[in-house]
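Have a look at this one.
Remember, it's 1-based here, ligands and their atoms both numbered in the order they're listed. The chain is numbered in sequence order, starting from 1. Side chains included, hydrogens not; waters and symmetry mates left out as well; all remaining heavy atoms used.
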Amino acid sequence: MLYSDLFAWALRRCAGNELPTAIEVLIEDSFSLSRSRFWIQKNQVIRDAKGVRRFRRRLRRLLAGEPLAYILREKEFFGHAFAVSPAVLVPRPETELLVEKALELLGGKAARVLDIGAGSGCIAISIALHAPVAVTALEKSRPALRVLKRNIERFKLLERVHPQAGDLFPPAGEPYEMIVANPPYLSRGDLRQAPRSVRFFEPAEALVAGAKGTEALERIIAGAPRQLAPGGRLLLEIGQGQRRSVSAFLKAAGLREVECVRDYAGIERVIVAQKDR
Ligand code: GLN
């Protein structure tokens, strides 16, 4: 069998799904081929039987709806490859907007940052890679913490990104100049509507906040003023249609809403608030 035959065979098996790129990536990874190598070798006979078995096993998982990131145990975010496992959410491109905004507001200055619900650490680590910050990365799930620590080591940030077991806030200490979070913001009903790859494979506790979906956002906002330094900022990823409720939470907490960034689909996605000086 040629590589091109294997590719065509796999494509036929998932007829109708938009998976050709995923299949290509799976082939490349299963046979340890670079993209250009794959295209050069396309019409050569496959001699790597182990690679074929590996590929078939993984293709089965892909066809069952498992996210490619879990199969490869890696996901690119903000230009870097993060380790992931089913214990953490797959980092999303929308979340890169939050990182971009955070970096813009930090303006290259040193700061203390708190990331609530750090998961893989994609936010905390991306910020630390581009700004001279010290980040406390809070995560309540033990298996997620292990992935977080692996990523901190991968990016050699042990000095500046500190994983900490915990839910909403660390015990009160020195205040933070910035708090960031991509908390669970779906309702239980939203999760039922979500694609199979999300519903059956990603950790529900990272996705669902409660009956309304805004519960975690509300708790984070209510607690933020106590943890923020004067003039400190709060950046939160929010769900579609949650802007109004979130604005109300901010007002109730005495935080000033500064802006709301829309994502690539035009949805209000990242809200920025500030504590008065
Ligand atoms: N902070 C992580 C991310 O943005 C995890 C978020 C979560 O688990 N809700 O991917």
Which distance, rounded to the nearest 0.5 Å, do you find between the CG of L236 and the CG of L98?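 Nearest 0.5 Å value for the CG-CG distance: 7.5 Å.
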Considering only non-hydrogen protein atoms, determine which one is nearest to atom 5 (C) of ligand 1 and report residue, atom name and distance to 0.1 Å.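 Ranking protein heavy atoms by distance from atom 5 (C) of ligand 1, first comes G117 O, 3.5 Å.
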Protein heavy atom at shortest distance from atom 7 (C) of ligand 1: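 Of the protein heavy atoms, N182 O, 3.3 Å lies nearest.
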Which residue holds the protein heavy atom closest to atom 2 (C) of ligand 1, what is that atom called, and what is the gap in Å?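 Checked against all protein heavy atoms, atom 2 (C) of ligand 1 sits closest to A118 O, 3.3 Å.
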Side chain, backbone, both or neither: which part of S120 comes within less than 4.0 Å of ligand 1 when only heavy atoms are counted?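 Neither; no heavy atom under 4.0 Å.
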Taking heavy atoms and a distance under 4.0 Å, where does A206 meet ligand 1: side chain, backbone, both or neither?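 Contact part for A206 vs ligand 1: both backbone and side chain.
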Subset of ligand 1 atoms that lie under 4.0 Å from at least one heavy atom of I123: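 So the answer, numbered in order with elements, is 1 (N), 4 (O).
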Just one of R233, K275, R243 clears the salt bridge (Lys or Arg N to Asp or Glu O under 4.0 Å) bar with E257, so which one?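 Result: among R233, K275, R243, R243 is the only option passing the salt bridge (Lys or Arg N to Asp or Glu O under 4.0 Å) with E257.
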Check for a donor-acceptor pair, side chain of R112 on one end and backbone N or O of P175 on the other, with a separation under 3.5 Å.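 Checking the backbone N and O of P175 against the side chain of R112, a donor-acceptor pair under 3.5 Å is found.
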Nearest non-hydrogen contact with atom 3 (C) of ligand 1 belongs to which option: C122, G119, P184?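 Shortest heavy-atom distance from atom 3 (C) of ligand 1: C122.
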Hey, which of D115, L103, V161 is the one that makes side chain to side chain contact (heavy atoms under 4.5 Å, CB included) with I127?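 The residue from D115, L103, V161 that satisfies side chain to side chain contact (heavy atoms under 4.5 Å, CB included) with I127 turns out to be L103.
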Donor-acceptor pair, R92 side chain versus F77 backbone, under 3.5 Å?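 No, because the side chain of R92 does not come within donor-acceptor range (under 3.5 Å) of the backbone of F77.
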Where's the contact between T95 and ligand 1, heavy-atom distance under 4.0 Å: side chain, backbone, both or neither?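 The answer is the side chain of T95.
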Flag the pair F31 / F38 as yes when their ring centroid distance falls below 6.0 Å, and as no otherwise.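 No.
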